[in-house]
Peer 1: 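Structure provided below as structure tokens; questions to follow.
Model, not experiment: these values are computed from the prediction. Scope of the values below: all heavy atoms of this structure, side chains included, with no hydrogens, waters or symmetry mates.
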Amino acid sequence: MRGALVLIRPDGSEGDSFPLGPATTIGRETAGPFASDAYLSPQHARFEFGSDGLVVKDLGSLNGVFIRIAPDAPIELSNGSTFRIGQEILYFEEMPEPQPGPDGTERMGSPNPGFVGRIRLVIGRDTYGNSYCIPPEGLHLGRERGDIIFPEDGYVSGLHCRIHPEGGKVFLTDVGSSNGTFVRVRGEAPVATGSTLLMGMQLFRVEY
């Protein structure tokens, strides 16, 4: 099978198209706009066609490969999931039960009112900013409305996405944002035709 990565410009128009063969590696070592993107690793991701379609593999890149999720279609978050809205990168952590010390002493602290996890704002490599606990009723994120707002980020919609627990699991749902919610690939992931990918500072549509 063969396909292409179609560059999406900031104004939404289409740019150049880059061919995908049976196995194609993308990164700063690749020609074209990839070479000048400082947020791409030298070998960033690999696209491979198989019997079931296209798969993208993160080659241990620093900044990751992000796939846009469909609106109003919840996806499960697991411990360590990373997602992006606008320019904000957020990291999800489960809320562990406090453990006693090696000698059996219980750790003091306020009782957990039912928080199911927390999200942390990624501000650098292994560096985090604000943390937000997720209550049983969940959280909404946006630029103007919601429990967590990013008023200075023009790429975040007024009401952008929702994080909510259900059935003992935690889900992320895009609530119809303009610019989308993107989830980082962990290892590898299937890529459907028409999917939108974010790598480095560039946006692509996958076609095959």
Peer 1: Around atom CG of Asp72, are there more than 12 heavy atoms from other residues, nucleotides or ligands closer than 6.0 Å?
Peer 2: yes

Peer 1: Of all the heavy-atom pairs spanning Asp153 and Glu88, show the shortest one and how long it is.
Peer 2: OD2-OE2, 2.6 Å

Peer 1: Could you tell me if the side chain of Ser177 sits less than 4.5 Å from the side chain of Arg143, heavy atoms only?
Peer 2: no

Peer 1: Side chains of Arg2 and Pro19, heavy atoms from C-beta outward: is any pair under 4.5 Å?
Peer 2: no

Peer 1: Any heavy-atom pair between the side chains of Arg162 and Leu172 that's under 4.5 Å?
Peer 2: no

Peer 1: Mind telling me whether His164 and Phe171 have parallel, tilted or perpendicular rings, with 30° and 60° as the class edges?
Peer 2: parallel

Peer 1: Is the backbone of Gly86 close enough, under 3.5 Å, to the side chain of Asn179 for a donor and an acceptor to pair up by distance?
Peer 2: no

Peer 1: For Val116 versus Pro135, what's the shortest heavy-atom pair and its separation?
Peer 2: CG2-O, 4.3 Å

Peer 1: Under 3.5 Å, is there a donor-acceptor pair between the side chain of Asn63 and the main chain of Tyr39?
Peer 2: yes

Peer 1: Measuring from Leu7:CG to Ser17:OG, what's the distance to the nearest 0.5 Å?
Peer 2: 9.5 Å

Peer 1: Consider side chain to side chain donor-acceptor pair (under 3.5 Å). Of Lys57, Arg46, Glu48, which one does Thr25 pass it with?
Peer 2: Arg46

Peer 1: Hey, what do you get for CD (Glu14) to CG (Asp11), rounding to the nearest 0.5 Å?
Peer 2: 11.0 Å

Peer 1: Please check if the side chain of Ser178 supplies one atom and the backbone of Ser157 the other of a donor-acceptor pair under 3.5 Å.
Peer 2: no

Peer 1: Do Thr30 and Phe18 come close enough that some side-chain heavy atom pair is under 4.5 Å?
Peer 2: no

Peer 1: If you count heavy atoms of other groups shown closer than 6.0 angstrom to OH of Tyr132, is the number above 12?
Peer 2: yes

Peer 1: Hey, are the side chains of Glu166 and Pro74 touching, using non-hydrogen atoms and a 4.5 Å cut-off?
Peer 2: no

Peer 1: I would like to know whether Leu5 and Val206 meet side chain to side chain contact (heavy atoms under 4.5 Å, CB included); could you show each step before the answer?
Peer 2: CA-CA 5 Å; Leu5 291 177; Val206 177; 3.8 Å; yes

Peer 1: Please determine whether side chain to side chain contact (heavy atoms under 4.5 Å, CB included) holds for the pair Gln202 and Leu40, giving the CA-CA distance in whole Å, both sets of side-chain angles, and the decisive distance to 0.1 Å.
Peer 2: CA-CA 9 Å; Gln202 300 175 84; Leu40 287 175; 4.2 Å; yes

Peer 1: As an exercise, state the distance from OG of Ser131 to CG of Leu121, rounded to the nearest 0.5 Å.
Peer 2: 8.5 Å

Peer 1: Measure across Glu94 and Asn79 and return the closest heavy-atom pair with its distance rounded to 0.1 Å.
Peer 2: N-OD1, 2.9 Å

Peer 1: So, Ser41 side chain and Leu62 main chain: donor-acceptor pair closer than 3.5 Å or not?
Peer 2: yes

Peer 1: I need the Phe204 CZ to Phe47 CZ distance, nearest 0.5 Å.
Peer 2: 8.0 Å

Peer 1: At their closest point, which heavy atom of Ser195 faces which heavy atom of Ala192, and how far apart are they?
Peer 2: OG-O, 2.7 Å

Peer 1: Where the side chain of Glu188 meets the backbone of Arg186, is there a donor-acceptor pair that is under 3.5 Å apart?
Peer 2: no

Peer 1: Would you say the side chain of Arg184 lies within less than 4.5 Å of the side chain of Asp58, judging by non-hydrogen atoms?
Peer 2: yes

Peer 1: Do Thr82 and Val183 touch side chain to side chain, with heavy atoms closer than 4.5 Å?
Peer 2: no

Peer 1: Rounded at 0.5 Å granularity, tell me how far CD in Glu207 sits from CG in Leu20.
Peer 2: 10.0 Å

Peer 1: How long is the gap from CZ on Arg118 to SG on Cys133, to the nearest 0.5 Å?
Peer 2: 7.0 Å

Peer 1: Check Ile89, Asp174, Ile163, Ile75 against Phe83 for a side chain to side chain contact (heavy atoms under 4.5 Å, CB included) and give me the one that passes.
Peer 2: Ile163

Peer 1: Within the 4.5 Å heavy-atom criterion, are Val65 and His44 side-chain neighbours or not?
Peer 2: yes

Peer 1: Tell me if the OH atom of Tyr128 is crowded by more than 12 foreign heavy atoms within 6.0 Å.
Peer 2: yes

Peer 1: Donor-acceptor pair, His140 side chain versus Ile148 backbone, under 3.5 Å?
Peer 2: no

Peer 1: Is it true that, when you exclude Glu152 itself, more than 12 heavy atoms of the residues, nucleotides or ligands shown sit nearer than 6.0 Å to its CD?
Peer 2: no

